[in-house]
Amino acid sequence: MSYVDEVLERVIAQNPAQPEFHQAVKEVLESLRVVIEADEDKYRKEALLERITTPERAILFRVPWVDDKGQVQVNNGFRVQFNSAIGPYKGGLRLHPSVNLGIIKFLGFEQIFKNSLTGLPIGGGKGGSDFDPKGKSDREIMAFCQSFMTELFKYIGADTDVPAGDIGVGAREIGFLYGQYKRITGLYEGVLTGKGLSYGGSLVRTQATGYGLVYLTDELLKCHGTSMEGKTVSVSGAGNVAIYAIEKSQQLGAKVVTCSDSTGWIYDADGIDVALLKEVKEVRRARLTEYKAAKPTAEYHEGKGVWSVKVDVALPCATQNELNLDDAKALVANGVYAVCEGANMPTTLEATKYLQENGVLFVPGKASNAGGVATSALEMSQNSERLSWSAEEVDSKLKNIMVNIYHNIDDASKKYGMEGDYVAGANIAGFLKVVNAMEAQGIV
Ligand code: NDP
């Protein structure tokens, strides 16, 4: 049996009931075959694949807090410190009822390669809780965040592990988490990113993942003789990534006609009204039915359906496995040209294969959504320097990073004889840098 297959079997056997983690490992290892098989004995002897698929550390903890009725609630907290070969662990915190150890491990594993692709010195980690922020008062959110940090602070620090936001964690939650960290440790340091501008945050961090996604997509299209200008685009999600992907697409002259949330989706033939979407989601924290109520010419549909719309470019920006084989077939039947992932692993393995086999340009999230973590690393630099850079400076660095990521994954796909396979290109380019650092640092 090949070394890659041995390790895949081992990961599945040793991590039962973690399907998302298996999926992420399978996607990465499958595309590394060409690299591993060229030097299989060395990789096997050094157990490099066992090491890279096993977290350096996984911390599981109890998060007790008191709700507004005086009832004690208990949630599960997680922080997986996956790989620190190229820098301190870096990766977001997710608050969503679906969170479990397998989800955090899949996200942490992906983060290793994503962070490597940014070209910045950051290792891979991820964390979160099965706490559901929906419908909670600000006081309940604060009580949860303070309790979560009261345990987490023992394991993080500006030079060890620097968490950020993810689903369910925005500026409000980062503020509460940071306040509690500072209160316990007495340190005013860049231990979290995504902070408010008045206490060490970076300009453009809020927009970075969505903007970065569109910068990379535009570069991809330009290298294929076209651009975002004039394209019709579908976006899923209506959160941090989706909103700023829509905003930047429209700034570059595209028309985005859809967005969605966990209960329904909008089709707006005029192009999504970003100001209205921000008001509904960022200010009122309401459902997309309120978008429809404010703009009656738009259509609102319950359930899933964004991928049934005819578009040139599709940007999935909600959550994992939201674009399946049937969705891929619908997109291809409608002539989609490019699919670039804003979310982490939103496309199933079968859907990815189908899109690639049908000539659709496909860029995986670990490359196309890396703008968020890259700008987080820029926030860390500013915190270390005790300086704040201008929006133009951060935005231009972000754009350069995204353009470089595209060329990096494109070059890797060509070098290994898989031109245009950006999944392979991203995995190979991300892997080689990390594995090189791991080898240099010995058996640790
Ligand atoms: P948000 O919580 O801001 O938004 C998530 C959006 O997706 C919301 O509109 C939410 O709906 C919707 N959503 C969540 N779960 C589901 C579901 N099961 N079915 C349908 N819709 C769903 O999160 P972000 O925008 O920050 O993150 C989105 C994705 O991007 C995630 O995969 C995240 O890991 C990834 N990502 C985020 C980065 C960042 O900087 N924020 C960086 C890199 C990747 P509702 O409004 O109803 O809650």
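All values below were derived from every heavy atom in this structure, side-chain atoms included, with hydrogens, water molecules and symmetry-related copies excluded. Atoms within each ligand, like the ligands themselves, are counted from 1 in listed order.
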Within-shell test, Gln320 vs ligand 1, heavy atom, strictly < 4.0 Å: no
Under-4.0 Å heavy-atom contact with ligand 1, by part of Arg205 that carries it: side chain
Winner among Pro97, Gly239, Ser98 once heavy atoms are compared against atom 1 (P) of ligand 1: Gly239
Close aromatic pair by centroid cut-off 6.0 Å: Trp65 and Phe131: yes
Ligand 1 contact on Pro346 by region, counting heavy-atom pairs under 4.0 Å: neither
Ile167, Leu95, Thr319: member with heavy atom nearest to atom 23 (O) of ligand 1: Ile167
Glu110 heavy atom under 4.0 Å from ligand 1: no
Heavy atom of the protein closest to atom 28 (C) of ligand 1 (residue, atom name, distance): Ala318 O, 3.2 Å
Expected output: side-chain Glu357 to main-chain Thr352 donor-acceptor under 3.5 Å: no
Tyr188/Tyr178 aromatic ring centres below 6.0 Å: yes
Ligand 1 contact by Gly165, heavy-atom criterion under 4.0 angstrom: no
Under-4.0 Å salt bridge between Arg285 and Glu290: no
Derivation and outcome, side chain to side chain donor-acceptor pair (under 3.5 Å), residues Thr193 and Lys90: CA-CA 9 Å; Thr193 55; Lys90 182 95 197 81; 2.8 Å; yes
Polar atom proximity, Asn369 to ligand 1 (N or O, under 3.5 Å): no
Near-ring test Tyr300/Tyr291, centroid separation under 6.0 angstrom: no
Ligand 1 contacted by Arg287 (non-hydrogen, < 4.0 Å): yes
Within reach of ligand 1, part of Ala164 (heavy-atom separation under 4.0 Å): neither
contact_flag Arg94 ligand 1 heavy-atom lt 4.0 Å: yes
Protein contact of atom 40 (O) of ligand 1 - nearest heavy atom, named by residue and atom, plus distance: Thr209 OG1, 2.6 Å
All pairs passing side chain to side chain donor-acceptor pair (under 3.5 Å) where residues 332-341 contributes a residue, at least two apart: Glu341-Thr347
Ligand 1 contact on Asn344 by region, counting heavy-atom pairs under 4.0 Å: both
Per-atom contacts, ligand 1 versus Lys281 - under 4.0 Å to a heavy atom: 46 (O)
Lys329 and Asn358 side chains, donor-acceptor separation under 3.5 Å: no
salt_bridge(Glu151, Lys154) N-O dist < 4.0 Å: yes
Ligand 1-proximal atoms of Lys304, by part, heavy-atom distance under 4.0 Å: neither
Sub-3.5 Å N/O-N/O distance, Val241 and ligand 1: yes
Lys397 to Trp389 six-membered ring, cation-pi geometry met (6.0 Å, 45°): yes
Distance-only donor-acceptor check, side chains Gln18 and Lys105, under 3.5 Å: yes
